[in-house]
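Not measured: the values here are computed from a predicted model. For the numbers below, each heavy atom of this structure counts, side chains included, while hydrogens, waters and symmetry mates do not.
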Amino acid sequence: MTEYQPPAAHGTAPGAPDDAARAVAYDAVVLAGGAARRLGGADKPAVRVGGRPLLDRVLAACAGARTTVVVAGPRPTARPVTWAREDPPGGGPLAALDAGLRHVTAEHVVLLSADLPFLDGRTVAALLDTLRPGAADGVLLTDSDGRDQPLVAAYRTPALRRELAALSAAHGGTAGLPLRRLTGALDLHRISDPVASFDCDTWDDIATARARIREHGHVLDEWISAVKDELGIDLDVDTGVLLDLARDAAHGVARPAAPLTTFLVGYAAARAGGDADAVAEAARKAVALANRWAEEDAQDAAPATPSGGAEPEPRTDAG
């Protein structure tokens, strides 16, 4: 097991977790070592969707975990993780889970595959929030056909260890055993989520995922998430405020003022502490300035009339 330190260009701080996820201490185990036969043996976790490897997209979704264990051979990732390997390598998901759990200390663990392009922190929070107050051993998602997706789930760690120990004792180990041998013995609650449970098994699935994130309703959020990951920025801001600022600057000043103003707002916010409040305050000041600028322009463009509405007398030049 080794700890991966991300490149300096990406920073080292994990992404800000969803508020609900932060309230529940949990660890995460991500299985990323499959053979990807239906992708022709391609390195599936490294396949890019929306400019980001599938693995990095999943790691962003569970950024609130105290410890994130990736069961696979070490590789560069956008976030720091703990690496583990099943014994023997290629021993299947149950053996991989067994290897990952050896590094888990939290009472709750989120178990994920590395090919979930639409998983986000809200879904992880929903799994944990449903698991925490109930008596079930785990909470998993079901897909569009109602099928269980045990690799998009939150479990009670003691329940997993109990069943893994029983299977290992009965079969002399866990290698080669299907995951359903474990989940079939657990008391599970189910949540239907066809989008978050969508996984990429084929190149057609990859194409579908890439097309969806470029749809009008998704592309902006996807782009902002990708940029934050690429730059190592752990900041959630009101994008509506920044878009309104860009609109006001473009309309009231000049079109090139929009990107330049938003850049300067970001720079000022970084100097003021770099949190969401700093961004909001810098944006507020810039919006007020843009509005004053537009008001002055409107005043200068209006014909001047004396009080009472009389037309001004023609000016006679001296001389």
Q: Kindly give the heavy-atom pair with the smallest separation between Ala96 and Leu31, and that separation in Å.
A: CB-CD2, 3.8 Å
Q. Is a salt bridge present between Arg75 and Asp43, judged by a nitrogen-to-oxygen distance below 4.0 Å?
A. yes
(Q) Can you tell me how far apart CG (Leu54) and SG (Cys200) are? Round to the nearest 0.5 Å. (A) 5.0 Å
Q. Within the distance-only criterion (no hydrogens, no angle test), does the side chain of Glu163 pair as donor or acceptor with the backbone N or O of Leu167 below 3.5 angstrom?
A. no
(Q) Show, in sequence, the C-alpha distance, side-chain angles and deciding distance for Tyr26 and Cys62, and conclude whether the side chain to side chain contact (heavy atoms under 4.5 Å, CB included) test is met. (A) CA-CA 9 Å; Tyr26 75 99; Cys62 60; 4.0 Å; yes
Q. So if you build clusters from Ile, Leu, Val, Met, Phe, Trp, Tyr with side-chain heavy-atom gaps below 4.5 Å, do Leu164 and Val71 land together?
A. yes
Q: Kindly determine whether His189 and Leu131 satisfy side chain to side chain contact (heavy atoms under 4.5 Å, CB included), including the steps that lead there.
A: CA-CA 8 Å; His189 182 85; Leu131 175 65; over 6 Å; no
Q | Any side-chain donor near an acceptor of the partner, Arg66 and Thr105, under 3.5 Å | A | yes
Q: Would you please test Leu245 and Thr261 for side chain to side chain contact (heavy atoms under 4.5 Å, CB included) and show each step?
A: CA-CA 8 Å; Leu245 165 61; Thr261 304; 3.9 Å; yes
**Q.** Shortest non-hydrogen contact between Ala126 and Ile191, atoms and distance
**A.** O-CD1, 4.3 Å
Q | Heavy-atom pair with the smallest gap, counting every atom of Arg255 and Pro259 | A | O-CD, 3.6 Å
Q. Is there side-chain contact between Trp203 and Ile206, with heavy atoms separated by less than 4.5 Å?
A. yes
**Q.** Joint cluster assignment, Val58 & Leu111, ILVMFWY side-chain distance < 4.5 Å
**A.** no
Q. Going only through I, L, V, M, F, W and Y residues with side-chain contacts under 4.5 Å, is there a path from Val110 to Val30?
A. yes
Q | Distance, nearest 0.5 Å, that separates NE2 of His108 from CZ of Arg156 | A | 4.5 Å
Q: Could you tell me whether a side-chain N or O of Arg147 sits under 3.5 Å from a main-chain N or O of Thr142, the two making a donor and an acceptor?
A: no
Q. To the nearest 0.5 Å, how far apart are CG in Leu186 and CG in Leu160?
A. 6.5 Å
Q: Output the distance between atom CG (Leu94) and atom CG (Asp98), rounded to the nearest 0.5 Å.
A: 7.0 Å
Q | His251 atom NE2, over 12 foreign heavy atoms within 6.0 Å | A | no
Q) Is the backbone of Pro53 close enough, under 3.5 Å, to the side chain of Asp56 for a donor and an acceptor to pair up by distance? A) no
Q.
Looking at every heavy atom in both Leu242 and Thr262, which two are closest together, and how far apart are they?
A. O-CG2, 4.0 Å
**Q.** CG-OG1 distance between Asp193 and Thr123, expressed to the nearest 0.5 angstrom
**A.** 5.0 Å
Q. Would you say the side-chain atoms of Ser113 and Asp115 include a donor-acceptor pair closer than 3.5 Å?
A. yes
(Q) Check this for me: does any side-chain nitrogen of one of Arg57 and Glu222 sit under 4.0 Å from a carboxylate oxygen of the other? (A) yes
Q: Would you name the heavy atoms of Gly33 and Arg85 that are closest together and state the gap between them?
A: CA-NH1, 4.5 Å
Q. Could you go step by step and tell me if Thr82 and Thr68 meet the side chain to side chain contact (heavy atoms under 4.5 Å, CB included) rule?
A. CA-CA 6 Å; Thr82 296; Thr68 299; over 6 Å; no
Q. Would a hydrophobic clustering, with Ile, Leu, Val, Met, Phe, Trp and Tyr connected at side-chain separations under 4.5 Å, put Val124 with Leu141?
A. yes
Q. Would you call Leu97 and Glu86 a side-chain contact if the rule is heavy atoms closer than 4.5 Å?
A. no
Q: Please name the pair of heavy atoms, one in Gln149 and one in Asp143, separated by the smallest distance, quoted to 0.1 Å.
A: NE2-OD2, 3.1 Å
Q: State whether Arg190 and Asp148 are salt-bridged, where the test is any N-O pair (Lys NZ or Arg NE/NH1/NH2 against Asp/Glu carboxylate O) under 4.0 Å.
A: yes
Q: Determine whether Leu55 and Leu59 make a side-chain contact, defined as any pair of heavy atoms from C-beta on separated by less than 4.5 Å.
A: yes
Q. What's the spacing between Tyr155 OH and Leu188 CG if we round to 0.5 Å?
A. 6.0 Å
Q. Between Asp201 and Lys44, is there a salt bridge with N-O shorter than 4.0 Å?
A. yes
